[in-house]
Amino acid sequence: MNAPTPRDGFERRALCATCRTLLAAGEPCDAGSDHEVLALGTPEDRACVRRVVWDEAPRYEIRRSDGWGGVLVGGVLGLIGIWALHSLLYDRRPPVLALKCATFLSAMVGYCVAVFRARRVIGTVRRPRRATRRPRMGMDGSIGTVVADDRPPSEPCARLVVLKLAPYQGGGVTLRDAWSEGFEVELADGQRVHVPAGRIRLDGPRRLERELPEDEIEAHLRRVDPLRAPGARGEPDDLFPYVEGRVIALRPGDRVKIVGEIGPDVAHEPGTYRVPAPLPRVRPRGVPHLRFLREARRAATPGAG
C-alpha cells in the first residue's frame, strides 16, 4: 500500500477537539455547531491543543490479574470458608468449634488476599483525550459510481485516515483526516456530481478498511503536521497519539452514497456577450459527505495503494 499523500491543496491548520477532524484555518466543524475547534498553525496554538489533549486527561489505572490461578485459589478458599461456617452452626463441641473457627478465618483471609492480588494496581498511564463524539452522517442521499477519467482504476481519488488508541487507553479516535483529489460520481440516471479536491467526510464499513503501517502513519503526520517533532509518538508533545491506523481508499468504479443535498455550483465560470456561460456543474452542498458502499472488482495491481 502506498503512503497516503494528500494532493488536494487543503492545508490542515485546525483540529476539532470533539470529533478529532482536521480542518482548514478558521473553518468551523461541519459535524456540529457545538464542536470545539482549536488552531494548529503556531507553536502557541499547539501548546493549547497539547493542554486539551494531554493535561486535562485523567490518569488510567492498570490493574494486575493473576489469571485463572488466582480465581481458582480464591474460589476454593471461599468454599472452605462456607463449609466451615455451615459446620459451626450445627456442631458446637469445643475442640471442633475452635478448629472450624480457625479454618473459617484462614479461608476468609486467603480469599481476601486472592481477590486483592487479582485487582491490584501496579501503575498508572496518562490516557490522552479521544473523540467524544462521532461526526453525524445523514441517511438520505444519492447512490452512484466513482468516475475519474484522469487516473487509472487502481489509483485512489479520495482517502480517509483514522488513528485510534488501544482499549487499555480508553479506545476511540484521535485523528480523522479525509480528503478528495477531485472526481465525479455518476448517478443511475447518468447525471454526474462533481466532488472537488479538498476536505470531505468519508465513512464506510470495517471490511473496507485497511491497516496502515507505522512508517506510513508517521509520514502522513509529518505532512499534515509540519511542526511535529521526530520521535514524538507517545510523548506528551504528541498531539495525535495512536496505537493503530486505518485507511479507506476510494477508487474509480467504487459505489458510494452522496449524503445530503446536491445542486448547481454557484461559483461556476460566467459567460460573455459572445460566449455563453457553460452549464454549472452539480456538486454536493457544503462539505461533501460520502459513504463507501462497495468496492469495484478490479485486477490486482502490484504496489496499488
In short, A178 meets L160 closest at the heavy-atom pair CB-CD1, 3.8 Å
Value for CG (L202) from CH2 (W179), rounded to nearest 0.5 Å, stands at 10.0 Å
I want to check something: taking the side chain as every heavy atom from C-beta on, are P156 and L250 in contact at a cut-off of under 4.5 Å? no
Let me check something: do V287 and I248 share a hydrophobic cluster, defined by ILVMFWY side-chain heavy atoms less than 4.5 Å apart, either directly or through other members? no
Provide the closest heavy-atom pair for A39 versus V49 in the form atom of the first, atom of the second, distance. O-CG2, 3.4 Å
Sidechain-backbone polar pair: R255 side chain, I143 backbone, donor-acceptor under 3.5 Å: no
Might you point out which heavy atoms bring I200 and A158 nearest each other, and give the distance in Å? CD1-CB, 4.0 Å
Going by an N to O cut-off under 4.0 Å, is there a salt bridge joining R46 and D225? yes
I'd like to check the side chain to side chain donor-acceptor pair (under 3.5 Å) partners of R13; sequence neighbours left out, ordered by chain and number. none
Is there a side chain to side chain contact (heavy atoms under 4.5 Å, CB included) between R206 and L208? Walk through the geometry before answering. CA-CA 5 Å; R206 178 81 176 182; L208 297 177; over 6 Å; no
Does a side chain donor of either T174 or R20 reach within less than 3.5 Å of an acceptor in the other side chain? no
Apply side chain to side chain contact (heavy atoms under 4.5 Å, CB included) to the pair V256 and V146, showing each step before the final yes or no. CA-CA 7 Å; V256 297; V146 175; 3.9 Å; yes
Hydrophobic cluster membership, V282 vs I258, 4.5 Å side-chain cutoff: yes
Not counting sequence neighbours, which residues clear side chain to side chain donor-acceptor pair (under 3.5 Å) with D149? List them please. R192
Nearest heavy-atom approach of P252 to A148 is CG-CB, 3.9 Å
Remaining members of the apolar cluster that contains L23, side-chain heavy atoms under 4.5 Å: V37
About how many Å separate CG of L40 and CZ of R12, when rounded to the nearest 0.5 Å? 11.5 Å
Minimum heavy-atom distance between H35 and C29, given as atom pair plus value: ND1-SG, 3.5 Å
Determine whether H194 and V185 make a side-chain contact, defined as any pair of heavy atoms from C-beta on separated by less than 4.5 Å. no
Can you measure from CG (D254) to SG (C157) and round to the nearest 0.5 angstrom? 7.5 Å
Taking R210 for its side chain and R207 for its backbone only, find out whether a donor-acceptor pair lies under 3.5 Å. yes
Just by distance, with hydrogens left out, do H289 and D30 show a side-chain donor and acceptor under 3.5 Å apart? yes
Any chance you could measure S142, atom OG, to K257, atom NZ, to the nearest 0.5 Å? 9.0 Å
Show the numbers, then the answer: is there a side chain to side chain contact (heavy atoms under 4.5 Å, CB included) between R201 and R291? CA-CA 8 Å; R201 290 280 183 187; R291 178 169 291 121; over 6 Å; no
Separation between CD (E211) and CD (E244), nearest 0.5 Å, reads 7.0 Å
Could you tell me whether the side chains of S180 and R159 share a donor-acceptor contact shorter than 3.5 Å? no
When you measure from the side chain of T18 to the backbone of E36, do you find a donor-acceptor pair of N or O atoms at a distance under 3.5 Å? yes
Please check if the side chain of R251 supplies one atom and the backbone of S154 the other of a donor-acceptor pair under 3.5 Å. yes
Evaluate the criterion side chain to side chain contact (heavy atoms under 4.5 Å, CB included) for residue pair I217 and Y242; output intermediate values, then yes/no. CA-CA 9 Å; I217 295 175; Y242 67 91; 3.5 Å; yes
Between R283 (side chain only) and G286 (backbone N and O only), is there a donor and an acceptor less than 3.5 Å apart? yes
Quick check on the hydrophobic clustering: are I262 and F292 connected, directly or via other members, by side-chain heavy-atom contacts under 4.5 Å? yes
Point-to-point distance, once rounded to the nearest 0.5 Å, from CG of L22 to CG of L175: 4.5 Å
Side chains of H220 and D177: donor-acceptor distance under 3.5 Å anywhere? yes
Should we say atom CD of E261 is surrounded by more than 12 heavy atoms from elsewhere, each under 6.0 Å from it? no
